[in-house]
Protein chains: 2
Amino acid sequence: MSIVRPWNVPNQNHKRVTLHDVARHVGVSKSTVSLVLQDSPSVSDKTRERVLRGIDEIGYVYNRKAAALRQHQQDGLMGVIVNGLNTPYSGEILNQLEQVALAGGIVPMFASSGERLEQQEKLVRLYMEHKVAGFILCPVPGTTSSVLDKIWRNGFPLVQLMREVPFGQFPAVVADNRAGTYAATRHLIGLGHKHIAFVGGREDISDYHERVAGYRDAMNEARLSMPSGYVYPIPQSRAAGRQALKAVLDYDARISAVVCFSDLMAYGVLSMSRELGITVGRDLAVVGFDDLVDSRLTYPALTTVRVSTADFARSAMELLQLYIRDQQAPLERRVLPVTLVTRESCGAPQS
Amino acid sequence: MSIVRPWNVPNQNHKRVTLHDVARHVGVSKSTVSLVLQDSPSVSDKTRERVLRGIDEIGYVYNRKAAALRQHQQDGLMGVIVNGLNTPYSGEILNQLEQVALAGGIVPMFASSGERLEQQEKLVRLYMEHKVAGFILCPVPGTTSSVLDKIWRNGFPLVQLMREVPFGQFPAVVADNRAGTYAATRHLIGLGHKHIAFVGGREDISDYHERVAGYRDAMNEARLSMPSGYVYPIPQSRAAGRQALKAVLDYDARISAVVCFSDLMAYGVLSMSRELGITVGRDLAVVGFDDLVDSRLTYPALTTVRVSTADFARSAMELLQLYIRDQQAPLERRVLPVTLVTRESCGAPQS
DNA sequence: TAATAAATTTGGAACGATCCAAATTAAATC
DNA sequence: GATTTAATTTGGATCGTTCCAAATTTATTA
């Protein structure tokens with residue numbers, strides 16, 4: 001396993017301006033310049049001023065690699081691995097994470113696993129080589145706790161985002177999935193629906209089971225029957241949503257409501273409804289999950305379960321920061337609250 | 001200007017396994033281990049084998065920082081700064097860029113400027129401190145060529161993506177914006193429209209002017225009049241699209257077609273049309289720009305100008321690689337071809 | 001087998017910052 | 001002005017690699 005060489009880069013000739021150069025230019029020692037950089041109180045205002053000016057004059061750029069080398073490890077990078085860069089929900093989370101991270105002086109490195117185990121592994125290794133301070137990770141289905149354990153034991157703290165590895169003892173920030181679909185399903189039941197399907201999600205990911213459980217809770221509570229064909233798992237995408245609607249209606253034409261694993265799935269359901277001549281909000285009720293920004297502008301506007309992406313980001317960063325400070329800190333698992341936001345897609349009066 | 005400290009991280013105690021440890025464990029010199037890592041041909045198969053095993057046994061992780069320090073500079077990072085992480089178009093580009101980059105052994109660092117100059121500047125400085133090999137940058141409106149010049153003169157090659165700084169002599173990859181809106185407008189004219197508006201875009205960004213120019217070209221060619229209110233620039237978002245439609249219809253109720261600066265704007269236009277009881281495809285023709293994945297599933301499906309995000313990514317990386325190899329390489333500016341994809345939103349038969 | 005050539009392996013000097021203890025300078029006290 | 005004390009400044013040693021010239025081992029040839 002030899003190292004990956006980034007392209008074929010000629011050893012850069014461009015002579016680097018170093019701390020030493022600044023020192024010489026200003027006429028002090030390199031130690032002094034270093035002290036100024038980390039604004040130590042033990043340097044006089046006069047010299048600080050002079051050094052600062054000198055830095056500007058010769059265009060010095062701080063070298064974090066050299067610094068990190070000396071001060072044993074990390075230089076303010078953080079690895080964030082999500083399932084996809086171009087899925088709308090990830091986009092919103094990334095955006096939030098970036099803001100929180102930069103505010104804390106941390107530079108996030110985002111990447112997507114594409115739901116592929118070997119890609120995830122490759123990224124993890126690469127990021128470890130770059131000595132990230134820690135990982136925020138949305139584990140690919142099939143990730144074993146031994147994979148996470150290897151990361152952790154190498155000295156890299158990690159927090160799981162959105163999903164969890166089964167039986168693993170690692171920090172995580174997840175939505176209250178069960179409560180979300182429970183509320184959604186209850187809402188539909190309250191509107192008089194009797195035949196309610198659940199579509200989308202992958203059976204090998206933790207959040208799927210939680211969301212199905214919430215749906216089942218509500219259905220059982222109302223003593224409504226759920227034949228096997230009412231639950232239709234499928235990896236999420238708009239296209240899958242289209243397919244799923246067709247599948248459940250084929251199974252039982254009486255189905256008058258579907259709770260979707262995600263908004264993305266719901267978009268597909270909406271699209272297929274149009275194609276089948278079904279009017280959503282009247283003939284069919286649809287609930288999503290996530291509350292993407294698009295969801296208030298779909299036609300009809302989508303009733304959905306909201307999870308705050310800002311909360312996700314903030315909680316994840318807080319936890320990660322905790323474990324970076326102290327890897328031995330007690331294990332914490334945060335469950336974020338969800339709220340049902342009713343719009344037009346269920347035909348109910350808007351909230 | 002003192003350096004930004006990433007949180008308050010205790011000097012990591014976790015004893016690092018170094019190349020030296022591997023050497024001692026295997027019983028060779030550190031130089032040999034280093035040679036194995038870079039799979040040099042001058043090491044015998046037997047020792048290579050032994051070293052590789054040793055690396056596994058004691059769980060060594062390559063330290064790119066140390067390496068980069070010695071080999072004068074970069075360690076395979078690349079800075080990518082786009083305008084937003086959560087805009088659909090960026091998501092698609094990021095996704096493509098990541099794939100191309102990783103395939104080349106480069107780890108991309110994505111960030112968003114949020115269209116704010118000072119944020120862009122901060123990111124650039126941060127990335128320079130991390131010694132990225134180069135930048136791919138979608139310049140914030142208002143970016144002067146002197147800003148880019150500073151980056152370039154510091155030894156960091158850069159390629160502009162999607163937009164260009166005025167009068168700057170820097171490499172760029174842009175879409176053939178003018179041809180795109182020209183084709184879109186001609187399409188509408190061909191369908192018999194006489195009152196055609198152009199909505200969206202910021203006047204301080206290069207692509208806006210190009211797209212408006214394409215629209216004007218077609219209008220002039222057909223001798224159609226364009227009173228000032230027909231062109232309605234506004235920073236893009238769905239909400240802006242809604243507002244824009246209202247504005248142009250207020251200005252002239254005869255307007256029967258709008259070419260939008262982007263698909264995102266078009267989504268807003270679609271949404272507002274519904275609200276106003278206007279049937280798109282019959283009463284109003286709408287054309288977008290970008291061809292987001294969503295655009296084939298909107299209602300009605302959006303006619304739009306496609307620019308391949310894969311082409312964008314590949315071209316940008318090729319150029320960057322070129323300049324990383326040789327900063328003196330002749331200036332290149334790539335204009336990517338566009339194609340009009342006709343769907344339902346103009347009422348024309350689908351292509 | 002000795003001499004030569006080729007193939008491997010190796011120690012030590014970088015790289016550019018930080019940290020520490022020691023040296024210098026300035027301020028405060030007698 | 002001499003001492004003590006506090007405030008600044010400073011030279012090395014160090015972090016974990018790579019690179020180089022030199023040393024060692026192995027293979028080839030006379």
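FYI, side chains are in, hydrogens and waters are out, and symmetry mates aren't considered; it's all heavy atoms of this structure. Reminder, nothing fancy here: chain letters follow the sequence lines and each chain counts from 1.
We find the CD-CG distance between A/Glu318 and A/Asp311 to be 9.5 Å, quoted to the nearest 0.5 Å.
Taking the nucleotide of DNA chain C with the nearest heavy atom to each of B/Thr47 and B/Ala66, the more 5' of the two is matched to B/Thr47. Residue A/Ser42 is the one, among A/Ser31 and A/Ser42, whose nearest nucleotide of DNA chain D lies closer to the 5' end (criterion: closest heavy atom).
Atom NE2 of B/His20 and atom P of D/dT14 are 13 Å apart (whole Å). When the C1' atom of D/dC15 is taken as reference, atom NZ of B/Lys65 falls 13 Å away, rounded to whole Å. Distance CG (A/Leu69) to P (C/dA14): 17 Å, rounded to an integer number of Å. Going from atom CD1 of A/Ile58 over to atom C1' of C/dG16 covers 14 Å, rounded to whole Å. In this structure, A/Arg50 atom CZ and D/dT8 atom P are separated by 14 Å, rounded to whole Å. When rounded to the nearest whole Å, the span between CG of B/Leu35 and C1' of C/dT9 equals 8 Å. In this structure, the CG atom of A/Asp45 is 15 Å from the C1' atom of D/dT9, given to the nearest Å. Atom C1' of nucleotide C/dG16 and atom CG of A/Leu37 are separated by 12 Å, given to the nearest angstrom.
You'll find that the side chain of A/Val28 is closest to D/dT10, out of D/dT18, D/dT10, D/dG16.
When the side-chain nitrogen and oxygen atoms of A/Thr18 are compared with OP1 and OP2 of C/dG16, none of them lie within a distance under 4.0 Å. Note on B/Thr32: a side-chain N or O is less than 4.0 Å away from OP1 or OP2 of C/dT10. An OP1 or OP2 oxygen of C/dA17 is reached within less than 4.0 angstrom by no side-chain nitrogen or oxygen of A/Gln38. In this model, the phosphate group of D/dT18 is approached by a side-chain N or O of B/Ser34 to a distance below 4.0 Å at OP1 or OP2.
Side-chain atoms of B/Thr32 and B/Ser29 form a donor-acceptor pair, as typed in the model, at a separation below 3.5 Å.
In terms of polar N and O atoms assigned as donor or acceptor, the side chain of A/Lys30 comes within less than 3.5 Å of the base of D/dG12 in a complementary pairing. On a pure distance criterion of 3.5 Å, a polar donor-acceptor pair joins the side chain of B/Arg70 and the base of D/dT18.
In this structure, B/Gly59 and A/Asn154 approach most closely via the heavy-atom pair O-OD1, 4.2 Å.
Ring geometry for A/Tyr323 versus A/Trp152: interplanar angle over 60°, hence perpendicular rather than tilted (30 to 60°).
With hydrogens and angles ignored, the 3.5 Å screen pairs no side-chain donor or acceptor of A/Arg334 with any backbone N or O of A/Ala316.
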